[in-house]
**Q** 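Here's a structure for you.
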Amino acid sequence: MRSWLENPAKPKLGQNLKYDMHIFANHGVTLKGIVHDTLLQSYVFESHKPHDMDTMAMRHLGYTTIPYVDVCGKGAKQICFDQVELGRATEYAGEDSDITLRLHQSMLPEVEKDAGLTRIYREIEMPTMEVLHKIERNGVLIDSALLDVQSGELGKRMMELEQQAYEAAGGPFNLGSPKQIGEIFFGKLGLPVIKKTATGAPSTDEEVLQKLAEDYPLPKILLEHRGMSKLKSTYTDKLPKMVNPNTGRVHTNYSQAVAITGRLSSNEPNLQNIPVRNAEGRRIREAFIAAPGHVIVSADYSQIELRIMAHISGDAAMLKAFAEGEDIHRATAAEIFGIAPDEVQSEQRRYAKVINFGLIYGMSAFGLAANLGIERGAAANYIERYFARFSGVKQYMDNTRLEAKARGYVETVFGRRLWLPEINSPNGPRRAGAERAAINAPMQGTAADLIKLAMIAVQGWLEADKLGTRMIMQVHDELVLEVPEGELELVRVKLPELMAGVAKLDVPLLAETGVGKNWDEAH
DNA sequence: CATGTCACG
DNA sequence: ACGTACGTGACATGA
């Protein structure tokens, strides 16, 4: 079938074609002529609903598909599809093709009822799929030897901490078991219960341990052990095991239809949650390296969601701050505290930064108070002062809530629709959650649209100019490239230009780059 | 498979 | 009185 598969004039449609492209590529076949993907149609039409074929067949066609487990079984007794009896395999595969076409015939018209959705589908999601396919195949080079050394160090230190913990607790226990920790803390040692989990058990999360560590020795030991355990099991032990023996690199999968806001997600392994916030964790990034003769270039959007808030709300003070290239948190602090920007103290700037982040998430006075460690009344006061100074933002938030309630969805700048099924729920906490999501979704979603457009532009440029530079990761507001040393100066100029120029908003977009032999240096 | 926890933007 | 910042994925435990 190669000649048909590779013929761009023969149109193809499928469900999650990025997967099929990988299978074909593994066998030296380059799938061409991709015109439609029902996974992406469903995602653009109804991002909050399931996109698996069985569920969609029932939802759109009222049709019950042959369950995969009926054909191949499950668990230890599962067989591979190539072991299925041919007649049965034919029936299953035939249905698969038939249903895909019928889903396409049902969903594409729904997408095309709306010009914005059509654009998101054709100009963003479909091209993004092909970019993601290339990024996934490129993979990332990992210094496994370095991670092995780190694993050894972590393991040694963890064993020391275990002994200390046993002494403090008066006997051995499993440090990885919240249940056993609870029994020792709140039973045996009689420590106070700070908060409870969703199921009513006493919590032993980081916040609780920090609080208890003020008065007792064991929580501190546990905190250090937890941090190391996380690094070791999730990263230093695991990443070397994920290296593909054929390519010598790690190949993540980007899920393009999971996050209801339009963001990507990364899995097996997740390369979007590699530690960065503290020095110990950041060492993991030293193991994300460039091939010989290459460097890692990282480019990230500066304050992308706040810029989008300024654009969407049209708030004059915020637009002005960005237009003049000010430090946005400093400018915010100056407004809230009623002083000149150069009079802002570092503590005041920190407050303003927490408020700015909180706004993006639809914060309450309670949340702000908890985050700043201040009284709720004081937090309410800051919010009030903020909204007095940034009245456009206040108006945007109120309008967004009303719009979400009236229509059941909100939109990104590019017209991506973000549905909020619980916006009119009689359940108060659920409704409040949907209201916060309504505030956040247009900003997070527009940022997702922008970086997808940037990825399409960057990949288009790399191919048009036949460069050796490869895109290797996306982390929501950051693109990571592996660059031949000879192309470094070119990439350092062109990459941020493309990212910043991908759309003309009422605020300037800014992308900042870093370079290094590894991801830590480049960040 | 649910739960608790914690890594990221 | 309740619950409380948005969006993800992965791990270990334990039923």
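Naming: A, B, ... by sequence-line order, numbering from 1 per chain.
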**Q** Could you work out the separation of C:dG3 and B:dG4 based on their P atoms and round it to a whole Å?
**A** 14 Å
**Q** Report the distance from atom CG of A:Leu271 to atom P of C:dA10, rounded to the nearest whole Å.
**A** 10 Å
**Q** Please tell me if the side chains of A:Phe288 and A:Asp143 come closer than 4.5 Å, counting only heavy atoms from C-beta onward.
**A** no
**Q** Specify the separation, in whole Å, of atom CD of A:Glu207 and atom P of B:dA7.
**A** 14 Å
**Q** Looking at C:dA12, I'd like to know if its phosphate oxygens (OP1 or OP2) sit under 4.0 Å from a side-chain N or O belonging to A:Ser177.
**A** no
**Q** Is atom NZ of A:Lys405 surrounded by more than 12 heavy atoms (other residues, nucleotides or ligands) closer than 6.0 Å?
**A** yes
**Q** Hey, are the side chains of A:Leu509 and A:Phe322 touching, using non-hydrogen atoms and a 4.5 Å cut-off?
**A** no
**Q** List the residues meeting side-chain hydrogen bond (donor to acceptor under 3.5 Å, both in side chains) with A:Glu207, not counting sequence neighbours, and say none if there are none.
**A** A:Lys195
**Q** Using only side-chain N and O atoms of A:Lys179, determine if any of them is under 4.0 Å from OP1 or OP2 of C:dA15.
**A** yes
**Q** Once ring pair (Phe, Tyr, Trp, His ring centres under 6.0 Å) is applied, do any residues pair with A:Tyr121, and if so which ones, sequence neighbours excluded?
**A** A:His36
**Q** Here's a test of your reading of the structure: between A:Pro269 and A:Thr261, which maps to the more 5' nucleotide of DNA chain C?
**A** A:Thr261
**Q** Looking at the side chain of A:Val258, which of B:dC6, C:dA12, C:dT8 is the nearest nucleotide?
**A** C:dT8
**Q** When you compare B:dA7 with C:dC2, how far apart are their C1' atoms, in angstrom units rounded to a whole number?
**A** 30 Å
**Q** Heavy atoms only, 4.0 Å cut-off, all strands: where does A:Ile260 land among base, sugar-phosphate and nothing?
**A** sugar-phosphate
**Q** I'd like to know if the side chain of A:Tyr386 and the backbone of A:Asn381 have a donor-acceptor N/O pair within less than 3.5 Å.
**A** no
**Q** Please work out which residues in residues 349-367 of chain A have a non-hydrogen atom less than 4.0 Å from an atom of DNA chain C and list them by number.
**A** A:Val354, A:Phe357, A:Gly358, A:Tyr361, A:Met363, A:Ser364, A:Phe366
**Q** Using whole Å, what does the distance between atom C1' of nucleotide C:dG7 and atom CG of A:Asn267 come to?
**A** 15 Å
**Q** Looking at the side chain of A:Arg226, which of B:dC6, C:dC11, C:dG9 is the nearest nucleotide?
**A** B:dC6
**Q** Taking the six-membered ring of A:Tyr409 as reference, does the NZ or CZ atom of A:Arg417 fall below 6.0 Å from its centre and within a 45° cone about the axis?
**A** yes
**Q** Atom CG of A:Leu231 and atom C1' of C:dA12: how far apart are they, to the nearest Å?
**A** 15 Å
**Q** Could you check whether A:Asp52 and A:Thr55, counting side-chain N and O atoms only, form a donor-acceptor pair closer than 3.5 Å?
**A** yes
**Q** Under 4.0 Å, counting only non-hydrogen atoms across every strand here, what does A:Arg277 touch: a base, just sugar-phosphate, or nothing?
**A** base
**Q** Of all the choices, B:dC8, C:dG3, B:dT5, which nucleotide is nearest to the side chain of A:Arg376 once you look at every atom?
**A** C:dG3
**Q** By nearest atom, which of the nucleotides B:dT5, C:dT13, B:dA7 is closest to the A:Asn174 side chain?
**A** C:dT13
**Q** Indicate yes or no: does A:Lys156 engage A:Glu153 in a salt bridge with an N to O separation below 4.0 Å.
**A** no
**Q** Will you find, in the side chains of A:Arg307 and A:Thr446, an N or O donor that is under 3.5 Å from an N or O acceptor?
**A** no
**Q** Are OP1 or OP2 of B:dC8 and a side-chain N or O of A:Ser266 less than 4.0 angstrom apart?
**A** no
**Q** Within this structure, what is the NZ-to-P distance between A:Lys196 and B:dG4, rounded to whole angstrom?
**A** 13 Å
**Q** Taking all heavy atoms of A:Gln474 and all of A:Tyr254, pick out the closest pair and write down the distance.
**A** N-OH, 3.1 Å
**Q** Between A:Thr252 and A:Ser266, is any side-chain donor less than 3.5 angstrom from a side-chain acceptor?
**A** yes
**Q** Report which part of the nucleic acid A:Ser203 touches: base, sugar-phosphate, or nothing (heavy-atom distance under 4.0 Å, all strands).
**A** sugar-phosphate
**Q** Test A:Lys394 against A:Asp398 for salt bridge (charged side-chain N to carboxylate O under 4.0 Å, His left out), laying out the working first.
**A** CA-CA 6 Å; A:Lys394 170 75 174 148; A:Asp398 293 342; 3.6 Å; yes
**Q** Which residues in residues 427-458 of chain A have at least one heavy atom lying under 4.0 Å from any atom of DNA chain C?
**A** A:Arg436, A:Ala437, A:Asn440, A:Gln444
**Q** Please work out if A:Gln180 contacts a base, only the sugar-phosphate, or nothing of the nucleic acid, heavy-atom cut-off 4.0 Å.
**A** sugar-phosphate
**Q** Please work out the stems of DNA chain C from pairs that are Watson-Crick or G-U wobble with both distances under 3.5 Å, keeping only runs of three or more consecutive pairs.
**A** B:1-9 with C:6-14
**Q** Measure the acute angle between the ring planes of A:Tyr43 and A:His51, then classify it against the limits of 30° and 60° as parallel, tilted or perpendicular.
**A** perpendicular
**Q** Do you see a donor-acceptor pair shorter than 3.5 Å between the side chains of A:Glu125 and A:Gln256?
**A** yes
**Q** Look at all strands and tell whether A:Glu206 reaches a base, only sugar-phosphate, or nothing, counting heavy atoms closer than 4.0 Å.
**A** sugar-phosphate
**Q** Distance between the P atoms of B:dT3 and C:dT4, in whole angstroms?
**A** 16 Å
**Q** What residues from residues 234-244 of chain A pass a heavy-atom cutoff of under 4.0 Å to DNA chain C?
**A** A:Thr234, A:Lys238
**Q** Could you tell me how far apart A:Met309 (CE) and C:dC6 (C1') are, to the nearest whole angstrom?
**A** 13 Å
**Q** Are A:Glu482 and A:Arg249 within salt-bridge range, i.e. N to O under 4.0 Å?
**A** yes
**Q** Which part of the nucleic acid does A:Arg282 contact within heavy-atom distance under 4.0 Å: base, sugar-phosphate only, or nothing?
**A** nothing
**Q** How many whole angstroms separate atom CD1 of A:Ile274 from atom C1' of B:dA7?
**A** 8 Å
**Q** What's the CD1-P distance between A:Ile284 and B:dC6, to the nearest Å?
**A** 17 Å
**Q** At 4.0 Å (heavy atoms only), tell me whether A:Asn273 reaches a base, stays on the sugar-phosphate, or touches nothing.
**A** base
